[in-house]
Amino acid sequence: MMRYIIIVTILIFATFQVRGQGVDFNFPSFSPKGSISQIVGNTLIAIEYERPSARKREVFGGLVPWGKVWRTGAGNCTKIRFDHEVMVGGQKVAAGSYSIFTIPNPKEWVVIFNSDTTLYGTYDYDYHKDAARFVVVPSVTSRFYETLNFDIELQQHDARVYLSCANTEVNFPIETRTNGIIQQFIEEELLTGKNTVADNYAGAAAYLAFSEIDLKTALKLADIAKDLDRDSEWTSGIKIGIYEKLMLYASTIFTLTILFVTLSQLI
């Protein structure tokens, strides 16, 4: 008996010795971490998630059951962050970080933004902490997404987030407050004459012209910018673009002539 105890003790000690002499090896995750971030207008949108793969498995209706809350990823909950207030799915969402959960179904998905970003899986999910909840319609993709993928598509100062996995894709809009903030600045600072920085007037004129929101006001702002800085080639270019949109070709030619004369004097 004593000999048996001694032999077992030696074997255990030898095992610890071998382990102690080994090298730590980091095996790759089957659901590696992924992230995507994008400046949208005046807002930063950032998504962090763990990316599960199909690996020859049926994903929706199989690995991910229909009608149940899904972590929309693997491991820790998927997180999305905004540094300014946004509208998501037609609902106002304050600046901050949120977990993304979904409830997949064949004909519609529920997308959920929850204020608890500490969750692992859906074990302690609490719908009372939802910041937004809305319905989207899934579509079938021609491309097969082996691994869960998030993408952010720019739509001028707003965005659309795409979630793709296997042959299924859902998307939802994110509206920033960029347009409202710029309009407020134009009305309160520029149209009142409080601001005297030429580039602010030129930038506002370019913004309105590019967005084709109010070309008349755009031209007015460009004129003020030119009065504040008559040598600005940038403002001249903006005015030419506005004249072309308004089909005021005579004014376009006149401004081009003035610009050409100005440039000639600089040579």
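Quick note: residue numbers are just sequence positions, from 1.
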Check: Looking only at heavy atoms, what is the nearest atom pair of L228 and V197, with distance?
Finding: CD1-C, 4.2 Å
Margin query: I want to know whether F134 and W109 have ring centres closer than 6.0 Å.
Written below: no
Check: If only atom types and distance count, is the side chain of Y201 paired as donor or acceptor with the main-chain N or O of L191 below 3.5 Å?
Finding: no
Next item on the list: Check whether the ring centres of F27 and F25 lie less than 6.0 Å apart, and answer yes or no.
Entry: yes
Note to self: For D151 and R160: C-alpha separation, side-chain torsions, deciding distance, then whether salt bridge (Lys or Arg N to Asp or Glu O under 4.0 Å) applies.
What the structure shows: CA-CA 8 Å; D151 193 19; R160 186 167 287 274; over 6 Å; no
Next item on the list: Without swapping roles, check the side chain of T176 against the backbone of H157 for a donor-acceptor pair under 3.5 Å.
Entry: yes
Next item on the list: Without swapping roles, check the side chain of R57 against the backbone of A54 for a donor-acceptor pair under 3.5 Å.
Entry: yes
Checklist line | Pairwise distance OG(S115) to NE2(H128) - rounded to 0.5 angstrom | finding: 12.0 Å
Notebook entry, point to check: Any side-chain donor-acceptor pair under 3.5 Å between Y207 and N179?
Noted result: yes
Note to self: Rounded to the nearest 0.5 Å, what separates atom OG1 in T196 from atom CD1 in I224?
What the structure shows: 11.5 Å
Check: Side chain of T117, backbone of S97: donor and acceptor closer than 3.5 Å?
Finding: no
Notebook entry, point to check: Any side-chain donor-acceptor pair under 3.5 Å between S164 and N149?
Noted result: no
Checklist line | Greater than 12 external heavy atoms within 6.0 Å of R81's CZ | finding: no
Next item on the list: Decide whether K226 and S236 meet the rule of one side-chain donor and one side-chain acceptor closer than 3.5 Å.
Entry: yes
Checklist line | Ring geometry between F113 and F82 (parallel below 30°, tilted from 30 to 60°, perpendicular above 60°) | finding: parallel
Notebook entry, point to check: How about R177: does its CZ atom have over 12 heavy atoms from other parts shown lying under 6.0 Å from it?
Noted result: no
Item checked: Under 3.5 Å: donor-acceptor pair, side chain of Y49, backbone of F150 -> yes
Checklist line | Residue pair T72 / T102, side-chain donor-acceptor N/O under 3.5 Å | finding: yes
Notebook entry, point to check: Is the backbone N or O of K107 less than 3.5 Å from a side-chain atom of N105, with the two atoms forming a donor-acceptor pair by type?
Noted result: no
Notebook entry, point to check: What closest approach, in Å, do S99 and F101 show between heavy atoms, and which atom pair accounts for it?
Noted result: OG-CE1, 3.2 Å
Next item on the list: Can you establish whether the number of heavy atoms outside E50 located under 6.0 Å from its atom CD is more than 12?
Entry: yes
Item checked: Ionic contact status for E188 with K194, cut-off 4.0 Å -> no
Notebook entry, point to check: What's the spacing between D124 CG and K129 NZ if we round to 0.5 Å?
Noted result: 8.5 Å
Check: Do the side chain of D83 and the main chain of L44 share a donor and acceptor less than 3.5 angstrom apart?
Finding: yes
Next item on the list: Supply the atom-to-atom distance C165 SG to F144 CZ, rounded to the nearest 0.5 angstrom.
Entry: 7.5 Å
Check: Between T141 and R143, is there a donor-acceptor pair closer than 3.5 Å when you use the side chain of the first and the backbone of the second?
Finding: yes
Notebook entry, point to check: Closest heavy-atom contact between A225 and A198?
Noted result: CB-O, 3.5 Å
Margin query: Check whether Q91 reaches the backbone of R133 with its side chain - one donor and one acceptor, N or O, closer than 3.5 Å.
Written below: yes
Next item on the list: Classify the angle between the aromatic ring planes of Y123 and Y120 as parallel (below 30°), tilted (30 to 60°) or perpendicular (above 60°).
Entry: parallel
Checklist line | Residue pair Y125 / D130, side-chain donor-acceptor N/O under 3.5 Å | finding: yes
Item checked: Expected output: side-chain R51 to main-chain L148 donor-acceptor under 3.5 Å -> yes
